[in-house]
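Scroll down for the structure; my scribbles are underneath it.
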Amino acid sequence: SWKIHTPPSNYECWESKIFRVHNFLDLPDTKANVVKSPKFKCFGHTWHLEVYPGGDDDANDGYVSAYLHNLSDEKITVDYQIVVLKADGKELNWKMRDNEKTFVQNQCWGWKNLVRRIILTTVR
């Protein structure tokens with residue numbers, strides 16, 4: 001499962017969204033193979049999460065990539081993090097952008113080397 005939310009400290013308003021990737025181990029681990037979450041609304045914008053089980057074209061071998069994608073026509077500046085959850089819902093690994101990121105129309109930000117795929121395949 002993948003959880004997207006703004007950082008929980010010192011924020012009056014923040015939202016969380018969970019995107020579950022079922023049968024992750026059965027997904028192709030070749031580079032540039034993408035799985036997209038359903039579209040969701042957050043802070044008046046439409047988004048989706050893009051997960052590359054084998055990494056995107058720029059990822060190091062053996063890494064999973066993940067990106068938050070702004071599908072709205074307007075730009076927005078947000079703080080966000082992508083959290084990888086184990087099957088039991090506990091956090092496994094997470095990366096957080098520590099500064100505000102501005103998303104323009106149809107732009108995504110995230111991490112090409114979010115987590116090593118082997119870690120996701122061995123965690124229960």
Side-chain angles (χ1 to χ4, degrees):
S1 295
W2 304 80
K3 182 175 169 185
I4 307 162
H5 59 82
T6 53
S9 62
N10 299 325
Y11 285 85
E12 293 178 15
C13 179
W14 60 280
E15 295 187 36
S16 290
K17 305 292 181 190
I18 294 180
F19 168 49
R20 287 184 170 73
V21 179
H22 298 283
N23 301 313
F24 182 84
L25 298 179
D26 296 332
L27 296 174
D29 62 357
T30 53
K31 283 193 174 189
N33 177 52
V34 64
V35 177
K36 296 179 182 178
S37 74
K39 294 177 184 176
F40 60 91
K41 291 274 191 180
C42 188
F43 300 114
H45 283 67
T46 302
W47 308 84
H48 72 225
L49 182 69
E50 298 176 358
V51 177
Y52 295 79
D56 68 9
D57 286 331
D58 296 324
N60 293 340
D61 289 342
Y63 277 83
V64 174
S65 305
Y67 298 92
L68 182 60
H69 194 141
N70 176 25
L71 301 172
S72 296
D73 291 336
E74 297 179 12
K75 71 178 182 179
I76 184 173
T77 300
V78 297
D79 289 339
Y80 71 98
Q81 64 184 10
I82 297 175
V83 180
V84 180
L85 304 175
K86 297 188 286 186
D88 63 6
K90 294 183 180 173
E91 291 184 10
L92 171 68
N93 183 37
W94 62 275
K95 298 274 185 168
M96 185 174 87
R97 190 159 311 274
D98 61 359
N99 57 345
E100 295 180 343
K101 204 62 173 171
T102 299
F103 290 77
V104 296
Q105 177 186 10
N106 203 32
Q107 183 177 31
C108 59
W109 289 102
W111 294 271
K112 64 182 179 182
N113 298 314
L114 179 69
V115 62
R116 291 188 56 83
R117 184 177 168 86
I118 190 76
I119 292 172
L120 300 179
T121 61
T122 57
V123 172
R124 298 282 176 224

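When a residue number appears, it is its place in the shown sequence, counting from 1. Because the structure is predicted, anything quoted here is derived from the model rather than measured.
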* Asked: Looking at CD of Q107 and CG of L71, how far apart are the two atoms once the value is rounded to the nearest 0.5 Å?
  -> 12.0 Å

* Go through the steps to decide whether R117 and F24 satisfy the test side chain to side chain contact (heavy atoms under 4.5 Å, CB included), and finish with yes or no. => CA-CA 10 Å; R117 184 177 168 86; F24 182 84; 3.3 Å; yes

* Asked: Given the rule that I, L, V, M, F, W and Y join up when any side-chain heavy atoms are under 4.5 Å apart, are I119 and V21 in one cluster?
  -> yes

* Are any of the side-chain heavy atoms of Y52 and Y63 separated by less than 4.5 Å? -> no

* Structure fact -> Heavy-atom closest pair (K75 atom, V104 atom, distance to 0.1 Å) is CB-CA, 3.8 Å

* Hey, any chance F19 and L25 share a hydrophobic cluster, counting ILVMFWY side chains that come within less than 4.5 Å of each other, even indirectly? -> yes

* Asked: Where the side chain of S65 meets the backbone of G55, is there a donor-acceptor pair that is under 3.5 Å apart?
  -> no

* Look at the side-chain heavy atoms of Ile, Leu, Val, Met, Phe, Trp and Tyr, link any pair under 4.5 Å apart, and say whether F43 and Y67 land in one connected group. => no

* Straight-line distance of H48 NE2 to K39 NZ, nearest 0.5 Å -> 8.5 Å

* Minimal non-hydrogen separation, I76 against N70, with atom names -> CG2-ND2, 4.3 Å

* To do: List the atom of K112, the atom of D56, and the distance in Å for their closest heavy-atom pair.
  => CB-OD1, 3.8 Å

* **Short side-chain to backbone donor-acceptor contact, K31 and A59, under 3.5 Å** => yes

* Ring centres of F103 and W47 under 6.0 Å apart? -> yes

* T77 vs K101, side chain to side chain contact (heavy atoms under 4.5 Å, CB included): CA-CA, chis, key distance, verdict -> CA-CA 5 Å; T77 300; K101 204 62 173 171; over 6 Å; no

* **Closest non-hydrogen atom pair between V64 and P53, with its separation** => CG2-O, 3.4 Å

* To do: Ignoring hydrogens and angles, tell me if any N or O in the side chain of D79 forms a donor-acceptor pair with the backbone of E100 under 3.5 Å.
  => yes

* Structure fact -> All heavy atoms of L68 vs all of I82, minimum pair found to be N-CD1, 4.3 Å

* Sub-3.5 Å donor-acceptor pair from the side chain of S72 to the main-chain atoms of H45, do we have one? -> no

* Student check: side-chain heavy atoms of N106 and H69 closer than 4.5 Å -> yes

* Going hydrophobic residue to hydrophobic residue with side-chain gaps under 4.5 angstrom, can you get from I118 over to L114? -> yes

